[in-house]
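To start, the structure under review is shown below, and the notes come after it.
In this chain, numbering begins with 1 at the start of the sequence shown.
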Amino acid sequence: MNNITIRLETPSDYRKVEELTRRAFWNVYKPGADEHYFAHAMRNHKDFLPELSFAAELDGEIIGSILYTKAHLVDDEGSKKEIVSFGPISVDPRFQRKGISRMLIERSFEAARQMGYGAAVIFGNPANYVGRGFVSCKKMNVTLGESNFPTALLVCELIPGALGGKHWRYIPSDADTCVLDTAAVDAFDATFPPMEKAWAPSQEEFYIYSHSSVVR
């Protein structure tokens with residue numbers, strides 16, 4: 001798909017990106033979705049990074065999106081390192097598994113390096129990201145809390161050696177806490193065309209990954 005353009009998101013793209021995100025995540029991780037509300041609300045959060053928010057465009061239509069927030073790592077001496085985290089990353093279901101997410105990640109990683117960021121940490125399905133340079137948090141000695149290595153916590157050094165072999169504790173942005181306001185999520189979702197909520201096997205897969213840890 002050589003005719004896809006990867007460009008920065010603009011304010012005029014916001015609703016289109018939210019519509020895209022809703023379609024991409026509907027019934028994937030739970031019946032329905034809240035990622036489109038997260039995309040909507042995060043743009044007003046202090047950790048939002050518009051410089052790294054890219055859209056994939058095909059023939060004037062946005063078919064992919066990646067959004068970023070700042071996050072932090074803290075070492076055993078209390079020193080803090082600012083890093084980046086992305087999500088949601090969305091691809092229109094019609095165009096999934098065609099390399100669009102790879103293009104979005106690579107372009108945004110290039111921009112993040114230019115901004116001086118040395119690492120990215122995300123929560124995600126390892127099968128989707130190990131081919132993009134991410135490894136288990138345990139391999140990079142990055143924990144959630146004191147000694148928890150979640151299976152879904154993945155780390156990528158954007159600049160080799162940026163983490164220096166230290167032990168780090170991951171401090172994510174609290175931007176995603178907006179989705180805990182279920183009334184706000186439902187009210188926002190009501191502004192879109194109705195879609196049927198349903199169970200899908202991917203929801204059980206997500207539960208397994210999000211509730212498991214690497215112990216060795």
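Expressed to the nearest 0.5 Å, how far NE2 of His167 lies from OG1 of Thr143 amounts to 3.5 Å. Phe123 CZ to Tyr209 OH: the interatomic distance, rounded to the nearest 0.5 Å, is 15.0 Å. Separation of atoms OG (Ser101) and CD (Gln96) is listed at 8.5 Å; rounding is to 0.5 Å. Expressed to the nearest 0.5 Å, how far CD of Glu18 lies from OG of Ser65 amounts to 9.5 Å. Annotation: the span from Tyr37 atom OH to Asp189 atom CG amounts to 12.0 Å, rounded to 0.5 Å. Atom CD of residue Glu106 and atom CD1 of residue Ile6 lie 10.0 Å apart, to the nearest 0.5 angstrom.
A cation-pi arrangement is absent between Arg132 and Phe109, since the terminal nitrogen or guanidinium carbon is not both under 6.0 Å from the aromatic centre and inside a 45° cone about the axis. Remark: Arg43 is positioned above the aromatic ring of Tyr14, its terminal NZ or CZ atom under 6.0 angstrom from the ring centre and at most 45 degrees off the axis. Note that Arg22 lies in the cation-pi zone of Trp26, set by a 6.0 Å cut-off to the ring centre and a 45° limit from the axis.
Side-chain contact check for Leu73 versus Tyr170: some heavy-atom pair is nearer than 4.5 Å. Residues Ile105 and Ile89 have side chains in contact (heavy-atom distance under 4.5 Å, counting atoms from C-beta outward). Annotation: side chain of Gln203 is not in contact with side chain of Val28 (no heavy-atom distance under 4.5 Å). A heavy-atom distance below 4.5 Å is found between the side chains of Glu205 and Asn125. With a 4.5 Å cut-off on side-chain heavy atoms, Met103 and Arg107 do not count as touching. Looking at Lys139 and Phe149, their side chains never come closer than 4.5 Å, going by heavy atoms from C-beta outward. Between Met140 and Val135, some side-chain heavy-atom pair lies under the 4.5 Å cut-off.
Neither Leu67 nor Ile100 shares a network with the other; the hydrophobic side chains, linked directly or stepwise wherever heavy atoms of I, L, V, M, F, W or Y lie under 4.5 Å apart, form separate groups for each. A chain of hydrophobic side-chain contacts below 4.5 Å, direct or via other Ile, Leu, Val, Met, Phe, Trp or Tyr residues, connects Leu8 to Tyr68. Ile122 and Val84 fall within the same hydrophobic cluster, where Ile, Leu, Val, Met, Phe, Trp and Tyr residues are linked whenever their side-chain heavy atoms come under 4.5 Å apart, directly or through other members. Hydrophobic clustering, with ILVMFWY side chains joined whenever heavy atoms are under 4.5 angstrom apart, keeps Phe86 apart from Val155. A chain of hydrophobic side-chain contacts below 4.5 Å, direct or via other Ile, Leu, Val, Met, Phe, Trp or Tyr residues, connects Ile83 to Val142.
In terms of heavy-atom proximity, Pro150 sits nearest to Cys137 at O-SG, 3.5 Å. The nearest pair of heavy atoms linking Lys70 to Ser173 is O-CB, 3.3 Å. Shortest non-hydrogen contact noted between Leu104 and Phe54 is CD2-O, 3.9 Å. Contact between Ser85 and Ala71 at its shortest, heavy atoms only, is CB-CB, 4.4 Å. Looking at every heavy atom in both residues, Leu154 comes nearest to Pro126 through CD1-CA, 3.9 Å. The two residues Ala120 and Leu158 come nearest to each other via the heavy atoms N-CG, 4.1 Å.
Side chain to side chain, Ser147 and Arg169 fail the donor-acceptor criterion of an N or O pair below 3.5 Å.
No donor-acceptor pair under 3.5 Å is formed between the side chain of Ser108 and the backbone N or O of Leu52. A donor-acceptor pair under 3.5 Å links the side-chain atoms of Ser136 to the main chain of Lys138, judged by distance alone. Although no hydrogens or angles enter the test, the distance criterion places a donor-acceptor pair under 3.5 Å between the side chain of Ser53 and the main chain of Leu49. Here the side chain of Asn27 pairs a donor or acceptor atom with the backbone of Ala198 at under 3.5 angstrom. A donor-acceptor pair is defined here as one N or O able to donate and one able to accept, closer than 3.5 Å; no such pair exists between the side chain of Glu57 and the backbone of Glu61. In this structure, the side chain of Trp168 engages the main chain of Leu163 through a donor-acceptor pair within 3.5 Å. No donor-acceptor distance shorter than 3.5 angstrom exists from the side chain of Glu157 to the backbone of Phe134, with no hydrogens or angles considered. Between the side chain of Thr21 and the backbone N or O of Val17 there is at least one donor-acceptor pair closer than 3.5 Å. For Asp174 (side chain) and Thr177 (main-chain N/O), no donor-acceptor pair under 3.5 Å exists by modelled atom type.
Taking His72 as the reference, nothing meets the ring pair (Phe, Tyr, Trp, His ring centres under 6.0 Å) condition, with sequence neighbours excluded. Phe25 is linked by a ring pair (Phe, Tyr, Trp, His ring centres under 6.0 Å) to Tyr29, counting only residues two or more places apart in sequence or in another chain.
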Could you walk me through whether Arg7 and Asp13 pass salt bridge (Lys or Arg N to Asp or Glu O under 4.0 Å), step by step? CA-CA 11 Å; Arg7 60 168 178 80; Asp13 298 324; 2.7 Å; yes

Apply the test side-chain contact (heavy atoms from CB on, under 4.5 Å) to residues Met42 and Thr69: give CA-CA distance (whole Å), side-chain angles for both, the deciding distance (0.1 Å), then the verdict. CA-CA 8 Å; Met42 72 187 295; Thr69 58; 3.4 Å; yes

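Taking the six-membered ring where the residue is Trp, Phe188 and His36 present tilted rings, their angle falling between 30° and 60°.
Salt bridge annotation for Asp92-Arg23: present, with a cationic side-chain nitrogen under 4.0 angstrom from a carboxylate oxygen.
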